[in-house]
Number of protein chains: 2
Amino acid sequence: MTTKTETRATEVPADTAGTIAVPRLDQQLCFALYSASGLMTKLYRPLLDPLGLTYPQYLAMLALWQHAPSTVGELGEALGLDSATLTPLLKRLEVGGLVTRRRDPADERRVLVEPTAKGQALRARIKDVSAGLACAMPLEVEELRSLHRTLTGFVAKLRDAASAS
Amino acid sequence: MTTKTETRATEVPADTAGTIAVPRLDQQLCFALYSASGLMTKLYRPLLDPLGLTYPQYLAMLALWQHAPSTVGELGEALGLDSATLTPLLKRLEVGGLVTRRRDPADERRVLVEPTAKGQALRARIKDVSAGLACAMPLEVEELRSLHRTLTGFVAKLRDAASAS
DNA sequence: TCCAATTAATTTGCGTACGATTATTTAGTA
DNA sequence: TACTAAATAATCGTACGCAAATTAATTGGA
């Protein structure tokens, strides 16, 4: 280890004029979304823990309460998730007694997923989640609505862009 | 049926008498964030694959290009990630030759992480990522800026809320 | 000096998340 | 009928992401 400067090839000085400009983390929209989504999950966790649900499991139950029975493919479409993700997630919900999984007699390729009575009973306790979250949410109602509207449009366009690959 | 009084936008009428109303998936801000973040990751993947980086690894490199050496804790603070997540991620970057990890001589509890020459060289190729992404981004510049501004404020408030637990 | 509390990173266990592959079933077609 | 292509889940391998437990180093007293 010489105390001499070892900078030889493709010298990339630290904070000088010759530095290649790199986008700052806090200027990246993707990072803002990444952070917001992660923080949201953290916000939900203490509310969902008593229900024995993880955050993605909660989203899956929301989708199933809205439309059941659903195939794995329909759930994947609604949630934007792959069957490789959903299959084990749904198996855990099944083990927990919240949903049933069965092959569609009319088309044995499909798997029909449906909330059980216990799964339906959870609906009653979901209000507490929404209420608790509304309390913890640090934004005005109008701001939330606006943000949600903007994001929904954004997501729709991103889905188009993603499907065009 | 049931065209009841529907002044509250957050209230969802039960589709059947006696059914407990449950928030619709597409009315949940958390799900919009979840979807947007996931789609964003999908958008980055084909651009980062040639660089041998995953999306979280890309964020970590952004943080390190901006400030190095950093401790694992500092990176965790910047990225909003746990050391249990970062340790294996950084080890993979180390195996890939992009960063070095060494104990801080002044405080052997800390681990200092720093880009290698190879890691610095990647900076030059990041421009392509940003450029390629800008092309794929289906929103007007002004909309993106506005969304980013809103999200940044939202994230700041969520962090406050999370730290107050 | 000694030792209990604190701090920092790692390890362990579980649950997502996705690309690629495989197995089964169905639909289409000669 | 038999043969092929398409559709649908499940499986495998790798990589996050976090809670809880563990290990190691430092700090702050009594």
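Only this structure's heavy atoms are used, side chains among them; waters, hydrogens and symmetry mates stay out. Worth saying up front: this structure is predicted, and the values here are computed from it rather than measured.
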- Look at the side-chain N and O atoms of T71(A) and state whether any lies under 4.0 Å from the OP1 or OP2 oxygen of dT8(D). no

- Could you check T71(A) against V111(A) for side-chain contact (heavy atoms from CB on, under 4.5 Å), going step by step and ending with a plain yes or no? CA-CA 5 Å; T71(A) 67; V111(A) 167; over 6 Å; no

- Query: Expressed in angstrom and rounded to an integer, what is the separation of L90(A) atom CG from dT11(D) atom C1'?
  - Reply: 15 Å

- Task: When you get a sec, tell me which of dA10(D), dC16(D), dT8(D) is the closest nucleotide to the side chain of R110(A)?
- Result: dT8(D)

- Query: Of all residues at least two apart in sequence or in a different chain, which pass the side chain to side chain donor-acceptor pair (under 3.5 Å) check with R149(A)?
  - Reply: none

- Starting at atom CG of L39(A), determine the distance to atom C1' of dC18(D), rounded to an integer number of angstrom. 14 Å

- Message: Expressed as a whole number of angstroms, how long is the span from L75(B):CG to dT10(C):P?
- Response: 11 Å

- Item | dG17(D) phosphate, OP1 or OP2, under 4.0 Å from Y34(A) side-chain N/O | yes

- Quick one: which of dT10(C), dA10(D), dC16(D) gets closest to the side chain of R103(A)? dA10(D)

- Message: Can you confirm whether L47(A) sits close enough to L133(A) that some side-chain heavy atom of one is under 4.5 Å from a side-chain heavy atom of the other?
- Response: yes

- Quick one, give me the B/S/- string for nucleotides 18-25 of chain C, reading 5' to 3', where B means a protein heavy atom under 4.0 Å from the base and S means that only happens at the primed atoms, P, OP1 or OP2. BB-----B

- Give the ring-plane orientation class for Y55(A) versus Y34(B), where under 30° counts as parallel, over 60° as perpendicular and anything between as tilted. perpendicular

- For dT11(D), take OP1 and OP2 only and decide whether either is under 4.0 Å from a side-chain N or O of K91(A). yes

- Query: For H148(B), does its backbone N or O pair with a side-chain atom of T152(B) as donor and acceptor, under 3.5 Å?
  - Reply: yes

- Message: Over all strands shown, is L89(B) touching base, sugar-phosphate only, or nothing at heavy-atom distances under 4.0 angstrom?
- Response: sugar-phosphate

- So does R101(A) get a side-chain nitrogen or oxygen closer than 4.0 Å to the phosphate oxygens (OP1/OP2) of dA10(D)? yes

- Between the OG atom in S37(B) and the CG atom in L158(A), the distance rounded to the nearest 0.5 Å is 10.5 Å

- Only residue of Q57(A), K91(A), R92(A), E94(A) satisfying side chain to side chain contact (heavy atoms under 4.5 Å, CB included) with V99(A) is E94(A)

- Query: Does T87(B) place a side-chain N or O at less than 4.0 Å from the phosphate oxygens OP1/OP2 of dT10(C)?
  - Reply: yes

- Nucleotide dC18(D), atom P - distance to CG of L79(B) in whole Å: 11 Å

- Message: Taking any heavy-atom pair under 4.0 Å as a contact, classify T41(B): base, sugar-phosphate, or nothing.
- Response: nothing

- Please give, in whole Å, the distance from dA8(C) C1' to E77(B) CD? 14 Å

- Who are the side-chain contact (heavy atoms from CB on, under 4.5 Å) partners of E114(B), not counting sequence neighbours? A68(B), P69(B), T100(B), R102(B)

- Spacing of R92(B) atom CZ relative to dG13(D) atom C1', expressed in whole Å: 13 Å

- Message: Rounding to an integer number of Å, can you tell me how far L59(A) CG sits from dG15(C) P?
- Response: 17 Å

- Item | Value in whole Å for how far the C1' atom of dT16(C) lies from CG of L53(A) | 14 Å

- Let me know, please, whether D104(B) or Q57(B) comes out on the 5' side of the other along DNA chain D by nearest nucleotide. Q57(B)

